[in-house]
Amino acid sequence: MADYDWQRIEAKWQKAWEEQGLFRADDRDASREKFYLLEMLPYPSGTLHMGHMRNYTIGDAVARYRWMCGYNVLHPMGWDAFGLPAENAAIKNGTHPRDWTNGNISEFRRVLRRFGFSYDWRREISTCEPEYYCWNQWFFLRMLEKGIAFRKKSKVNWCPECQTVLANEQVIDGFCWRHETTPAEIRELDQWFLRITQYADELLNDMAQLEAGWPERVLAMQRNWIGKSRGARVRFDVADAPGLSLEVFTTRVDTIYGVSAVLISADHPRIDEILVGSGRDASDPQLKSMRLKSIRAADIATAEKEGFFTGRFAMNPFSGERAPIWVANFVLAEYGTGAVMCVPAHDQRDFEFAQKYGLPVKVVVQPASGPALDAGQMPEAYTEYGRLVASGAYSGLAFEQAIEKMALAAQAGGFGKSEITFRLKDWGISRQRYWGTPIPVVYCEKDGIVGVPDDQLPVRLPDRVALTGQGRSPLAGVAEFVNTQCPKCGGKARRETDTMDTFVDSSWYFYRYTDPHNSSAPFQKEIAAYWFPIDQYVGGITHAILHLLYSRFFCKVMRDLGLVRHSEPIARLFTQGMVQKGGVAMSKSRGNVVGAIEMAEKYGCDTGRLYTLFAAPPDKDLEWNEQGIEGAARFLNRVYRLVDKHAGRLRGLPAALEAKIHLSECTAKEGRLLRKAHQTLQRVTNDFNQRWHFNSSIALVMELVNEMSAMEPLEADCSSAILKHLLGVLVAMLSPMTPHIAEELWEMLGNTGGLARGKWPAFREELTREEQVEIIVQVNGRLRGRVLVAETLAEVETRERVLADPHIAPLVSGKQIVKVIVVPRKLVNIVVKEK
RNA sequence: GCCGGAGUGGCGGAAUGGCAGACGCGGCGGACUCAAAAUCCGCUGGCCGCAAGGCCGUGUGGGUUCGACUCCCUCCUCCGGCACCA
């Protein structure tokens, strides 16, 4: 008897699948249903550990299950190949980002192949290749034409020591990642943005389509991120300054008679005009410090309220009162209008500000019930809704009517209107980096900003560039790149030297997989229409907001460009949990990784896959445990031995799965095993289709194996045909999870044609049913016994059998039976009370 | 503060309103062996009991129900996201 030689088996089947092209998706197969299964595009960095592998193992199990069920499956893989780490490595070690990246890609590809994942490798893409990023540029140009791509000034982090722009992740606690004592500064640069806010409402509303297939928490996070808020915009004219006014955004226009001041952000666009005559200007130290702080995110929430009076007053258009204009550090320039009305009685922040600076507190809303508010006695702001008081003509109104009427009055008076605001900001895509997609525009002295014509794409990234980590964009130092001709007038022009955010690459890559080698378009519409939407996307929760939101946005733009007809690219999303060791996520920097290749070499990839799926439900975090792997390895050994022991006798028999079997002709042992096998099959099938509780599926298969082992010698009362069927079902169920050993055992059993495609066995309902079932007997809801009855026994008879049972009868006698609940085939509960 | 998620043996976890702790890990005992490893078998939530059996038990307190780990409400703890968002 040979041992389970996973080394040989895994190599053998990986080679066979590759040679047969078994997992190639067919773009035009109308005879089978399509299934697009996608795992999130990996960033190839360093070595792959088991934390990465969990994502692919889950995806592969589902893909293989669908293959076995006869679907036409698209299961592709590629590389998110642009990005900062490659550039950092270049600065540190002098390697070219392309070499560093391609080296990592080779390693990733090797590991994924070693695990035998069912990818259609013909569709592999790498986003750093011109054949790919060409289409990033093409999309950018379409967006430029539609006004979705535009330029505006924006803040960046700047390290004065490096003389360079820092990405957010290069700023650590406010300091440069390479100079721990140099605080990052804020600079303003002209940058490119994509107008995602144009789709804000649609991005929010279309989530209704996703509710069935996306995790609720991801939708909640996106909703939160988009942050829709209904309110009103109201104009306050600045006193003694004709033509100068401030607009505020408020969700509580009903409190406008309680305004004590108008507060503006230190970064308000009209602050210079407001400060005229105040003795302060833009160089004021207090103003400067407030501006600097505005980007330091961490301690904002706890920061002390701070501000100063500008010397100016604003006219409240409702009450006609003069309100002082203050600059306040808690007013955000980026949200709403950058100015707010300060109503201390009804907003907690305003209350704290008013306390500190002695601004008056005016109560204009009284609670519907309870004691009336007294401005002098309030410990905190009253932020609930109520009935208006001291609000001129609006006094006495409930807040709903007040908000509506006041917005209408503002509109009629020409000083405001109701408005909806979003927290979502436009997407800044400019990066002052080398290793990314060049933004395809040129700057011409005569024609200004000119998009590069489509026939000149791609704008290639030059290979020779000095990466020193200093200066603005590295491309700016490459003369032959920068200097070019204007496509319009042929005159001298300079190329844009910023590159795109890598989230652009990953916002549409899944379309490219449908037609990866197309050189005249990002993809052919008809092919994408066949495969989309993605039936199942699998990835980490870390991408819950940005990647998924940008992808949804891109889809809508593509729809408006006529490339696709759908509005949402991803029908179902699954977010798997992290793999931890020692209670924290596996990561190189923590030094707690279990290398994927090391794992495969020590135990075999099937064992690694099995353990990954068995140790925890896929959506929960998984604690890696070496002894658990040993358990998984032990189980596969047992399965191997079980099949190996009987394979010799069974090899010559006809096909295993379709065997015609009738329980009435079976021995007791055969019946028991057949029932167990088909009950297991039923639940495993259900788990694959709906619940994805692979850990439970595996436990059930283990039970089946235990039961078969316990009945050895199986040949004694089990016909060869039935045994072959049983082992065939067992092996088939394991195939999506541990495909190599399953395929080997399938072959050992004498089956031909392979197991991986079209061989998922249908469970037979009639084989899952028990002849006799154990009925749980409860008295007043407490377990008091069990009774074996025929599966078909009617409710009345069941009830009688139970009441007559020698264990139960004494518990019931002498008492009044109030009620008997009978759940057929499961349980009887007798409700009694003392007479 | 707001929004999500979780809380079950020594551990990972199972149980889609119906036997709480399946399955695995670990532990204990045994078989095989000169011995060990591997493998196989048995036991393994707590308390009471010689036993049959009984009682308690799914973070807390309440509710719905014949029946609650499961549904509803309160509170506690932990994890994640967002956060002077006007």
Side-chain angles (χ1 to χ4, degrees), chain A residues 3 215-225 227-229 231-232 248-253 255 263 265 297 300-305 328-332 334-343 346-350 352-353 383 421-425 541-542 544-545 577-578 583 610-611 614-617 619-632 634-635 637-638 641 683 686 690-691 693 695-706 709-710 712 774-786 818-823 825-832:
Chain A
D3 279 342
E216 174 52 39
R217 66 173 170 155
V218 173
L219 296 176
M221 281 158 84
Q222 293 212 355
R223 241 178 245 120
N224 197 307
W225 190 260
K228 183 173 184 169
S229 157
V248 301
F249 174 74
T250 179
T251 55
R252 292 299 302 271
V253 70
T255 65
L263 310 179
S265 159
I300 272 178
T302 51
E304 173 86 358
K305 303 269 178 297
N329 65 343
F330 63 93
V331 180
L332 305 177
E334 309 83 43
Y335 184 79
T337 59
V340 301
M341 55 190 214
C342 176
V343 185
H346 304 295
D347 181 286
Q348 186 57 25
R349 293 156 301 180
D350 296 345
E352 287 165 24
F353 192 74
T383 57
T421 303
F422 292 90
R423 203 195 81 103
L424 181 69
K425 286 177 215 152
I541 187 74
T542 38
I545 299 175
M578 283 182 310
L610 184 73
Y611 175 71
F614 178 62
D619 56 322
K620 299 276 165 46
D621 288 348
L622 181 160
E623 176 67 28
W624 194 263
N625 174 352
E626 198 70 15
Q627 283 159 338
I629 315 241
E630 306 267 2
R634 248 193 314 264
F635 171 70
N637 268 300
R638 293 184 64 196
R641 283 197 308 270
R683 290 191 50 189
N686 185 39
Q690 290 164 26
R691 296 204 314 163
H693 286 197
N695 55 331
S696 299
S697 299
I698 294 166
L700 289 163
V701 175
M702 286 174 169
E703 282 186 44
L704 176 63
V705 172
N706 290 347
S709 302
E712 293 279 17
E774 198 177 55
I775 300 281
I776 304 308
V777 184
Q778 298 179 333
V779 176
N780 288 344
R782 301 179 69 91
L783 178 68
R784 290 296 181 229
R786 301 136 209 270
V818 179
K819 198 182 203 182
V820 179
I821 286 110
V822 181
V823 181
R825 288 188 294 278
K826 271 195 177 159
L827 161 145
V828 173
N829 186 13
I830 307 157
V831 185
V832 296

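Every chain is numbered from 1 and lettered A, B, ... according to where its sequence line falls, protein lines coming before strand lines. As a basis for the values below, the full set of heavy atoms in this structure was taken, side chains included, without hydrogen atoms, waters or symmetry mates.
- Nearest-nucleotide assignment on RNA chain B puts the 5′-proximal partner with A:Glu623, out of A:Val340 and A:Glu623.
- Under 3.5 Å, the side chain of A:Gln778 and the base of B:G18 form at least one donor-acceptor pair of N or O atoms.
- Within the nucleic acid shown, A:Asp619 has no heavy atom closer than 4.0 Å to any nucleic acid atom.
- Here the CZ-CG distance, from A:Arg691 to A:Asn686, works out to 6.5 Å after rounding to the nearest 0.5 Å.
- Residue-level contact check: A:Val331 touches the bases, meaning some heavy atom is under 4.0 Å from a base atom.
- Contacts of A:Arg634 with the nucleic acid, taken as non-hydrogen atoms under 4.0 Å apart, involve only primed sugar atoms and P, OP1 or OP2.
- At a threshold of 4.0 angstrom between heavy atoms, the contacts of A:Gly631 are confined to the sugar-phosphate backbone, with no base atom among them.
- Here the side chain of A:Leu332 is nearest to one of B:C23, B:C84, B:U16, namely B:C84.
- Figure legend. B:G42 is base-paired to B:C28; pairs are counted as Watson-Crick or G-U wobble with both atom distances under 3.5 Å.
- Checked against B:C23, B:G4, B:C84, the side chain of A:Arg217 finds its nearest nucleotide in B:G4.
- Looking at heavy-atom distances under 4.0 Å, A:Arg825 makes no contact with the nucleic acid at all.
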Criterion salt bridge (Lys or Arg N to Asp or Glu O under 4.0 Å) on A:Arg223 and A:Glu216, from CA distance to verdict: CA-CA 10 Å; A:Arg223 241 178 245 120; A:Glu216 174 52 39; 3.7 Å; yes
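- Regarding A:Leu700, its CG atom lies at a distance of 10 Å from the P atom of B:C23, rounded to whole Å.
- If you check every strand for non-hydrogen atoms under 4.0 Å, A:Val823 touches a base.
- The residue among A:Val218 and A:Ala616 whose nearest nucleotide of RNA chain B lies closer to the 5′ end is A:Val218.
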